[in-house]
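Take a look at the structure below.
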Amino acid sequence: MQSPIRFHRCRENEGVDGRRARPLARPLGRPLARPLARTAVIGALLGLALLSPIAAQESGRPGGQQEMSQGPGQRQRPAAEPGERLPAPVTTSHNLPAALGSGKYQATAGSIVLSDQAGRPTVEIAYVAYSLEGQDPATRPIAFAFNGGPGAASAYLHFGAMGPKRLAFGNQGDGPSSPPILTDNPETWLPFTDLVFVDPVGTGYSRFLRDDQDLRQQFWSVNGDVAALSRFVTRYLTENDRLRSPKVLVGESYGGFRVPKIARALQGDYGVGINGLYIISPVLDFNLKADGLPFSSAARLPSLVAAARAAKGEAITREALAEVEAYALGDYLVDALKGPRDAAAVARILDRVQALTGLDRDFLTRSGGQPDMTSVARELGRPRSEVASYYDALISGIDPAPSAPRASFDDPVLDASMAPLTSAAVDYTRRVLKYEVSRPYELLNGEINRRWSWGNRREGPEAASDLNAAMALDPALVVVVTHGFTDLVTPYLESRLVLDRIPATIANSERLRLEVVPGGHMFYTRDDSRKALRDSAERLFKAVGRKS
């Protein structure tokens, strides 16, 4: 899952080993409408990673608050002491969920220490890994899973979708006091791949080993993050005799932004080939969220229509939304680009958007038919004095100040899930995995989000060129991008815009697919969508297994 992020200009990033990292992102060539310092968007967290395109005049967090909430007990906690080390890796044996038979698997909780060129330890990156017993490492696939933020631990994918245990969260009525009790996950990916859940430095139990501000600047940056995680993957594969295995990178939200860049770095800088990418609810090109341009509202329109129709009980499919997609990328954009002084164009937008979404005409008029995400979330729940979630427009919570002129509220999905997820992760690590850690567990680290370095270009960061280059270099690389229909943070139409620009000589239906399922940013919190995700992932792993 994910959290809000804000772009700002900064100096060129350096690699985490002290070298100046080569740029991993190739700019698309068009500068943003405004300097990056004034552009705010959502950051991929749940893995959730999450990312939310809020206008620059609003605050950098959903709901307009100045800082990202970190949940009870996390706001002012002291960080772990520099140099404090995690315990040695611990491996335990377990049975697969009963619905999947009597197979056994091993779970290992541990960490890998990265060092600089002088051999001095810099960071300790924690992980939880699962491997099915009795398998041949040469043919058994292995998947590395990353959430987003930046600043999110991997608990969202771990306990929401892929791991052998699952926590119910993110659905209507779930809140901070929901019991943090894990149950067997029949949709775990373990039957077809081993799993490694990775917490980037500053998230989960991963920490810096030196109190060095330069290290933070290096690691908490687009390029430094990619370099560190690429080194982690390489080290894990080498030390665990998995270099021969089929390898897949899984990323959600900002994690979905990460994995094309990690794949490209592994190919070119670390001598490791990646067989597949499974990308969940990503932002692949932040230029599409540029402040002052209508691409964000255009991309969000089919998701708003999907929410309106689903609320009426209608079945939602890509085919049913084909006309809406065509309008959003056609006449809507044409009229929106004409600007507010073209009264006829504005009137056409208002008429069509109101008919499609059912949103109040006066509300739409105030924004010229291009409302920002915070306003939309509040308007969707306004008749009931509620607010909708940015992460799933069909989930709502109580508006704490329904008569206030400006919105300020915790998100009914993201903020409500923090306490149960944090408690479940800590309890599971200590009680089930026998990995006893005294340092705080950081599910969402707001400091990372605030201090993240995006590079010194005027263009927004993007991973589309990395995806394009990685697929062009390796004709066997298979990619699936998956979204939820009612996600307002990373709407699926944004990814369609990116993927449609990949040349036909690289992309075909066997190598590159865009799939959309019911639900929001973390659509896997819904039973049917989690099953659909599992089935889709299994198809990808079978494909890369045949090619390995």
| message | Between Arg309 (side chain only) and Ala320 (backbone N and O only), is there a donor and an acceptor less than 3.5 Å apart? | response | yes
| Flag for Glu124-Ser111: side-chain donor and acceptor within less than 3.5 Å | yes
| message | Looking at every heavy atom in both Val479 and Leu467, which two are closest together, and how far apart are they? | response | CG2-CD1, 3.9 Å
| request: Look up atom OG1 in Thr482 and atom CG in Leu514, then write down how far apart they are to the nearest 0.5 Å. | output: 7.5 Å
| query | Side-chain donor-acceptor pair under 3.5 Å between Glu442 and Thr203, yes or no? | reply | no
| query | Should the pair Phe541 and Phe192 be assigned to parallel (<30°), tilted (30 to 60°) or perpendicular (>60°) ring geometry? | reply | tilted
| request: Hey, could you give me the CG/CG distance between Asn275 and Asp474, rounded to the nearest 0.5 Å? | output: 7.5 Å
| message | For the backbone of Tyr391 and the side chain of Ser389, can you confirm whether one donor and one acceptor N or O come within less than 3.5 Å of each other? | response | yes
| task | For Trp220 and Gly202, indicate whether the former's side chain and the latter's backbone hold a donor-acceptor pair under 3.5 Å. | result | no
| request: State, to 0.1 Å, how close Ala263 and Leu249 come at their nearest heavy-atom pair, and which atoms those are. | output: N-CD1, 3.7 Å
| request: Check whether the ring centres of Phe257 and Phe286 lie less than 6.0 Å apart, and answer yes or no. | output: yes
| field | Residues Glu187, Arg530: salt bridge by 4.0 Å N-O rule | value | yes
| field | Polar side-chain atom of Arg231 near backbone of Ser115 as donor-acceptor pair, under 3.5 Å | value | yes
| field | Minimum heavy-atom distance between Ser206 and Ala126, given as atom pair plus value | value | OG-N, 2.7 Å
| task | Kindly say whether Tyr236 contributes a backbone atom to a donor-acceptor pair with the side chain of Asn240 at under 3.5 angstrom? | result | yes
| message | Does Glu323 have more than 12 heavy atoms from other residues, nucleotides or ligands lying within 6.0 Å of its CD? | response | no
| query | Parallel, tilted or perpendicular: which fits the ring planes of His158 and Phe197, with parallel below 30° and perpendicular above 60°? | reply | parallel
| query | Will you find, in the side chains of Thr490 and Asp487, an N or O donor that is under 3.5 Å from an N or O acceptor? | reply | yes
| Presence of salt bridge, Lys289 and Glu494, under 4.0 angstrom | yes
| request: Check salt bridge (charged side-chain N to carboxylate O under 4.0 Å, His left out) between Asp500 and all other residues, then give those that pass, not counting sequence neighbours. | output: Arg496
| Looking at Asp285 and Arg501, does any basic side-chain N land under 4.0 Å from a carboxylate oxygen? | yes
| message | Under 4.0 Å between a side-chain nitrogen and a carboxylate oxygen: does that hold for Lys261 and Asp225? | response | no
| said: Would you say the ring centers of Phe159 and Tyr428 fall short of 6.0 Å from each other? | reply: yes
| said: Which heavy atom of Val413 sits nearest to which heavy atom of Gly170, and what is that distance? | reply: CG2-O, 3.9 Å
| said: Tell me whether Arg166 is salt-bridged to Asp184, with the criterion being a basic N under 4.0 Å from an acidic carboxylate O. | reply: no
| query | Looking just at side-chain N and O atoms, do Lys104 and Asn95 make a donor-acceptor pair shorter than 3.5 Å? | reply | yes
| request: Return yes if some donor-acceptor pair links the side-chain N/O of Asn185 with the main-chain N/O of Gly163 below 3.5 Å, else return no. | output: yes
| query | What do the steps show when you test Asp392 against Arg526 for salt bridge (Lys or Arg N to Asp or Glu O under 4.0 Å), and what is the final call? | reply | CA-CA 11 Å; Asp392 188 342; Arg526 302 185 180 200; 3.0 Å; yes
| request: Calculate, to the nearest 0.5 Å, the distance between atoms OG and NZ belonging to Ser245 and Lys247 respectively. | output: 6.5 Å
| remark: Looking only at heavy atoms, the pair that brings Gly256 and Leu284 closest together is O-CD2, 3.9 Å
| request: Taking Thr486 for its side chain and Ser303 for its backbone only, find out whether a donor-acceptor pair lies under 3.5 Å. | output: no
| message | Can you see whether Tyr105 engages Gln135 through a side-chain donor-acceptor pair at a distance of less than 3.5 angstrom? | response | no
| query | With no hydrogens and no angle check, is any side-chain donor or acceptor of Asp411 less than 3.5 Å from a backbone partner on Tyr390? | reply | yes
| Between the main-chain N or O of Leu114 and the side-chain N or O of Thr122, is there a donor-acceptor pair closer than 3.5 Å? | yes
| message | To the nearest 0.5 Å, what is the distance between OG on Ser423 and CE on Met418? | response | 11.0 Å
| message | Centroid separation under 6.0 Å, is that true for the rings of Tyr278 and Trp189? | response | yes
| task | Look at the side chain of Ser154 and the backbone N and O of Phe146, then say whether any donor-acceptor pair between them is shorter than 3.5 Å. | result | no
| request: With rounding to the nearest 0.5 Å, note down the distance linking CG in Leu132 to CG in Leu100. | output: 10.0 Å
| query | Closest heavy-atom contact between Arg513 and Glu510? | reply | NH1-O, 4.4 Å
| field | Gap between atom CG of Leu237 and atom CG of Leu243 - 0.5 Å precision | value | 5.5 Å
| said: Salt bridge or not between Asp194 and Arg242? Use side-chain N to carboxylate O under 4.0 Å. | reply: yes
| Side-chain ion pair, Arg140 and Asp136, N-O less than 4.0 Å | no
